[in-house]
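Read the numbers this way: they start at 1 and go in the same order the structure lists the ligands and their atoms.
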Amino acid sequence: AAGAPAANAFDDRALDEELRPSRLADVVGQRKVVERLEIMLAATRMRTEPLSHILLDGPPGLGKTTLALALAKELDVECQITSGPALAAPKDLLPYLTNASGNSILFIDEIHRLPAAVEEFIYPVMEDFRVDIVLGEGLNARTINMKLKPFTIVGATTRSGMLTAPLRDRFTFREHLEFYEEADLAEIVRRNAIKLRTKIDDSSALEIARRSRGTPRKSNNLLRWARDFATVKQKEGLITNEIARQALAMLEIDVLGLEEQDRKYLRTIVNVFGGGPAGLAAIAHTMNCPPDTLEDEVEPFLLRCGFIQRTPRGRIVTASGLNHLSG
Ligand code: ATP
């Protein structure tokens, strides 16, 4: 409805930094992924080699950056951070490569958006820690090889399907991050409430967890909103269950954690496209929203809820999706 703030108006990357668990042991959930990373870390330490290149994929806000930083901390090495769209040409990557100290980590977010020229430039880096720089043009062109210190690339992507096979294959270790269970999110909320010096009871932590769409970044944002709400509405600033419910209701986040944008997506398919199948581009156009946002941030959770299906002919709203809309 008009007037109410959108839930993502409270998105705040600075908050990510404040609440990030710094050690692998403090990472809640994703147990299998963390256990495998621990084995790799132990082997790396014994062999004193750099960690193998790692590809992390999954929807935004599930902890890809957190894991890369935690790995660097465990190895006591530095972690440089960049992203696919920031690396427009090979020369943009060069400073990171020459700065990379032995066994350190270079985190490349949105690696599926690396331009082709940068991708080709990165192959010899990943294989042999070597860069091939072409100087001059035509007959006068010469290639200079530069040797780099061995280091690790941790790539993150919300779309592993968009990665080319040669790039994907150069990551010896690939992990898919799944949405978090409610209990894990509730634990993250409790720990982060302590970091934010806010009192919250267990049922409120669970209430926030339940409405966080399986995503720790959402839990953090909702926790911060609930804290602000409690500061204003409750004498001691305590996040009680009643306060949490009121705070979440004001953001128009429903019992399953769907936000206005998610419901609008479902309504668009139902009302404009007769329930589907409807193509992503057409839905995005009607909603006046970039297709990438829908594909990365809206559809994965709706698919997980079983509210939509992706078919070769387009997206379809399922019977349970319809039910949720009318409920
Ligand atoms: P994006 O790809 O959008 O940058 P991301 O997957 O890299 O997202 P992070 O920035 O690592 O996500 O995580 C967002 C925030 O969620 C972190 O600051 C941290 O507070 C919290 N978080 C993520 N994963 C965990 C976890 N397993 N345990 C505790 N907190 C977590």
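Using a 4.0 Å cut-off between heavy atoms, Asp184 makes no contact with ligand 1 at all. Here Thr65 has heavy atoms under 4.0 Å from ligand 1 in both its backbone and its side chain. For Asn220, every heavy-atom contact with ligand 1 shorter than 4.0 Å involves the side chain, none the backbone.
Inclusion of Val27 in the set of residues having an N or O under 3.5 Å from an N or O of ligand 1 is not warranted. Between Asp26 and ligand 1, not a single N/O pair is under 3.5 Å apart. Residue Val28 has at least one N or O atom closer than 3.5 Å to an N or O atom of ligand 1. Residue Pro21 places no N or O, backbone or side chain, under 3.5 Å from any N or O of ligand 1. An N or O contact shorter than 3.5 Å is missing between Gly29 and ligand 1 by distance.
Of the listed residues (Arg31, Glu297, Arg217), the one carrying the non-hydrogen atom nearest atom 4 (O) of ligand 1 is Arg217. Nearest to atom 5 (P) of ligand 1 by heavy atom, out of Arg20, Glu187, Lys64, Glu18, is Lys64.
A cation-pi arrangement is found for Arg170 relative to Tyr123, the charged atom lying closer than 6.0 Å to the ring centre and inside a 45° cone about the ring normal.
Heavy-atom contacts of Leu19 reach the following atoms of ligand 1: 20 (O) (cutoff under 4.0 Å). Applying the 4.0 Å criterion to heavy atoms of Gly61 picks out, from ligand 1, the atoms 1 (P), 3 (O), 5 (P), 6 (O), 8 (O), 12 (O). With ligand atoms numbered from 1 in the order given, ligand 1 contributes 24 (N), 25 (C), 26 (C), 27 (N) to contacts under 4.0 Å with heavy atoms of Tyr180.
Looking at every heavy atom in both residues, Asp202 comes nearest to Arg190 through OD1-CD, 3.4 Å. Contact between Cys289 and Gln261 at its shortest, heavy atoms only, is SG-OE1, 3.8 Å.
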(message) Using the rule given for side chain to side chain contact (heavy atoms under 4.5 Å, CB included), can you reason through Val154 versus Ile108, listing the C-alpha separation, both sets of side-chain angles and the distance that settles it, and then say yes or no?
(response) CA-CA 6 Å; Val154 177; Ile108 308 181; over 6 Å; no
(request) Please assess Phe173 against His53 for the test ring-ring contact (aromatic ring centres under 6.0 Å, His included), listing each intermediate value before the final yes or no. (result) CA-CA 6 Å; Phe173 189 74; His53 303 303; over 10 Å; no
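Side chain of Lys64 to backbone of Pro59: a donor-acceptor contact under 3.5 angstrom is found. Between the side chain of Asn192 and the main chain of Val189, no donor-acceptor pair closer than 3.5 Å is present.
Inter-residue side-chain proximity for Met40 and Ile54 is flagged as met; some heavy-atom pair is nearer than 4.5 Å.
Note on ligand 1: Gln30 sits outside its first shell, no heavy atom being nearer than 4.0 Å.
Under 3.5 Å, the side chains of Asn241 and Arg245 contain a donor-acceptor pair of N or O atoms.
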